[in-house]
Amino acid sequence: MTYDPASIEPRWQSFWEENATFRTDTTAGTPGGPDKPTYYVLDMFPYPSGSGLHVGHVEGYAASDIVARYKRMKGFEVLHPMGWDAFGLPAEQFAISQNVHPRESTTKNLDNFRSQLKAIGFSFDWEREVGTFDPDFYKWTQWIFLKLLEHDLAYQSEALVNWCPALGTVLANDEVIDGKSERGGHPVERKPMKQWMLRITKYADRLLDGLDEVDFPEPIKAMQRDRIGRSEGADATFAIKGHDAALEVFTTRPDTMFGATFCVLAPEHDLVTEITTDECRAAVDAYRAEAAAKSEIARTGNDAGKSGVFTGAFAINPATGAEVPIWVADYVLMGYGTGAIMCVPGHDERDWMFATKFDLPIVEVVAGGDVTEAAYVGNGPHVNSSGANGLDLNGLDKEEAITKMSEWLEAEGLGRRIVRFRLRDWIFARQRYWGEPIPVVIDEDGEVHPLPFDELPLDLPDTADYTPSETGESPLSRMKDWVATTVPGQPDKPARREADTMPGSAGSSWYFFRFLDPRNSDALCDPEKAKAWLPVDLYVGGAEHAVGHMMYSRFWTKFLYDIGVSPVEEPFKRLVNQGMILGEDNRKMGKRYGNSVDPIDVIKEYGADTLRMFEMFLGPIEQEKPWNQSGLDGVRRFLNRAWRLYCDDDGALHASINDEPMSDDVARLVHQTIAKVAEDTEGLRFNTAISQMMIFVNEMSKKDDRPREALEAFCLVLSPYAPHFAEEIWSKLGHKESIAYAPFPEADESKLVEDSIEVPIQVNGKVRARLQVAADIDESTIKELALSDETVKGWVEGKEMKVFKYIPGRLVTIAVKG
RNA sequence: GGGGGUGUGGCGGAAUUGGUAGACGCAUCGGACUUAAAAUCCGAAGGCUUCGGCCGUCCGGGUUCGAGUCCCGGCACCCCUACCA
């Protein structure tokens, strides 16, 4: 019988399951536990969608599985768990579309996912499976929320939020794309609503600094830095003519204040109503109404030209003492800085466009450009920058002027240096059913009371009436019996439960703690285990989670660190994003192009080992690459040939397999393969590891020699990549134990040396001849040989030799002139 | 506008510190086996060539005995982000 994955693979999957082969002992590394090095390799757990696993999942999971299996063979106690990101909008939308309860559809979907994952032979410790929708799990999500509340990091706020009427909920900023909801593409509008918020902004600095410690891909770090958006500048106070109230602006260029010829307020700014003059009121009110109706995207989009309206009021520029007009314009955002800016049209592009459109004065205060043509944002000596107050910036460069101006503002009590962040607080409530209930009650005076910890979990009540409303009223609020309660500890004091639920990203922000100790009912995780296992050594997942999920997880981990629950501030030591697998047509796989591939179909036709190796062989793990259906045949051919190295046509081991010592040639091939695969697996270069295995099989197939030592070593080397195949062969070779914990072979350097090598001879940079020489030949010997070579002579003779060099083991280079 | 990335055969991709460009695989072509096909096995293959060689890693320069790799200047494509003061 030839290689037949359909009969081999299910058998070994059952074997692993029955023997709990991949059960992890997380007491390893803790006091009293086994003294083994630990390795935590984690996949981004999936949202179990209705359509099942796709090839992108398989790519990431195959990569992490290879590492997990390799590390086990290298003697590590490996934690490689799997779970379900099952709460949240997508799961609920799917349920509604199928007209079933989300609990029912979610359970069904994840059963399907689990069986699909098992069919691919991933070495997960299934006894540690967790789901974010499980009360035993979300008890601790709620616990963390209460801790955040206790530390004033959770609060309610009347905030402008992204409201999506079609979904009936608010959305986080990263759930809104181009003014439409990420799920479903429904329109999203801005609307003030009272919301639970988490104060992630308090961690902005630490989230930024932490990036220097972790091994993440550079683009991901860049994206996170960009989201945090740190900028240094100054707040400055402008008096308002005829009013007691003053205007506070934020600027990164206080040095240009002498050129500030007007100010602009965001339409929502508190002062607008107060300072607007009667003549201007009608226009201002109309403008504000219009701005309110626009989504943030329409306001901040790339619209040519800027809109705005004059308030009739004037501010006093503290540097010049001049009266400058105050305008309202929607290019100034209430959510950033102070919602008010001083405008320096000479040196800011947006201000320049605005000034040009509305015919406001432009003053040059930094030399180097032509401010009548465009804003000059570069550096240069300051000009027109001295005032009656004795302040003089003229001649200073940008940095000097910023320092001097900032010091002056501080001395005069007119401002202060400040660091601001673009990052905004995390909107932590959804007006939806399928999420963790927020464990607080609100009394009749509107005061919030947290539930005591011992009342957790606060179960998500069952109801058939789970659909969202378009008004913003949460489905849970319709459950009058559930909502009506009393203040904890005060049975006489009526209260109502919070009816909003947490967003989908709540559970995923800490789930990697729970895998360490999934059934602990006293703590979210045993601190000894956390200490032994965190941070996660390798985290593999898609780049779509580069910012949202990664930042939320990092934030929560830092918080858990602060309250003594986490031993580390950064949860993930190393992050790898698998590149997207495109369709064969080089376009994104999906319904739109009908170019999707179902991994389960591939397994039926080719087997799981072929699928795994094929996806790893496509190209570098982090790179985007197209699917190539016939490439599957190539990998299957490889496994077939590998099989025939061991077995004859009726499936029995070859009689020619012997215990003779390996020839030097075979030994070199074996050790080269061990070294290359080990090195490439550590570096996650799976594609080149596989090509070395192909070289091994190609070479060995040509030989009649079948030394057991070589074949066993290759089986071990192959096993992280094609585990079912390797288990089958391993047992045929007479081993009773699973190959999963057999030691990975060590490459023997001494076996790699060759006696005789071929050395190319380069003349003026071009290879002209090749010599077969002893590997340890010295320069003078090879020089003699090279110069007596007939071909080389033809290129060298009669010319002046400028250079002769022997790069040992690589090449000879000769440079001649004339 | 800002940030990040990528350019190598027909295709996916290989190439320590600068050191034989095109490993490995796909597709292609030829041959063997077969009544035939599939499967399998063996072999060819960057382009041009007057068969001496010459040209070839997006383009143009530079450094070097030697550049896919380093430096300078362009071009193209992709991704992210976007009025953040």
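First the proteins, then the strands, lettered A, B, ... as listed; each starts at 1.
- Protein atom CZ of A:R770 is 13 Å distant from nucleotide atom C1' of B:rG19, rounded to whole Å.
- In terms of phosphate contacts, A:R227 brings no side-chain nitrogen or oxygen within less than 4.0 Å of OP1 or OP2 of B:rG3.
- Remark: B:rG30 base-pairs with B:rC42. Criterion, Watson-Crick or G-U wobble with two distances under 3.5 Å.
- Summarising the geometry, the separation between CG on A:N640 and C1' on B:rC41 is reported as 14 Å, rounded to the nearest angstrom.
- Residue contacts for A:R637: at a heavy-atom cut-off of 4.0 Å it reaches the sugar-phosphate backbone alone, with no base atom in range.
- With ring centers used as reference points, A:F262 lies under 6.0 Å from A:F354.
- Here A:R685 lies out of heavy-atom contact (under 4.0 Å) with every strand.
- When the P atom of B:rG12 is taken as reference, atom CG of A:N628 falls 10 Å away, rounded to whole Å.
- Using a 4.0 Å heavy-atom cutoff across all strands shown, A:Q692 reaches no nucleic acid atom at all.
- Put simply, A:N687 has no side-chain N or O that comes within less than 4.0 Å of OP1 or OP2 on B:rG12.
- Distances shorter than 4.0 Å separate some side-chain N or O of A:Y336 from OP1 or OP2 on B:rA85.
- Within 4.0 Å of A:G337, counting heavy atoms only, lies no atom of the nucleic acid at all.
- The glycosidic torsion of B:rG30 lies more than 90° away from 0, which places this base in the anti conformation.
- Judged by distance alone, the side chain of A:N687 and the main-chain N or O of A:L618 form no donor-acceptor pair under 3.5 Å.
- If you check B:rC77 for Watson-Crick or wobble pairing at under 3.5 angstrom, you find it paired to B:rG5.
- Taken to the nearest 0.5 Å, the OG1 atom of A:T688 stands 12.0 Å off from the CE atom of A:M694.
- Residue A:L618 is classed as a sugar-phosphate contact, given heavy-atom separations below 4.0 Å to backbone atoms only.
- In this model, the phosphate group of B:rA85 is approached by a side-chain N or O of A:S231 to a distance below 4.0 Å at OP1 or OP2.
- In this structure B:rG52 sits in the syn conformation; its chi angle is within 90° of 0.
- Counting distance only, with no hydrogens placed and no angle test, the side-chain atoms of A:S691 and the base atoms of B:rG25 include no donor-acceptor pair under 3.5 Å.
- Residue A:N698 is in sugar-phosphate contact alone, with no base atom involved, counting any heavy-atom pair closer than 4.0 Å across all strands shown.
- Base pairing of B:rG12 is made with B:rC24, judged by Watson-Crick or G-U wobble geometry with both donor-acceptor distances under 3.5 Å.
- When atom types are taken as modelled, the side chain of A:D648 and the backbone of A:H654 share no donor-acceptor pair closer than 3.5 angstrom.
- Side-chain to base pairing of A:S630 with B:rC26: no donor and acceptor N or O lie closer than 3.5 Å to each other.
- Among the protein residues, A:K805 comes within range of the nucleic acid bases, having at least one heavy atom under 4.0 Å from a base atom.
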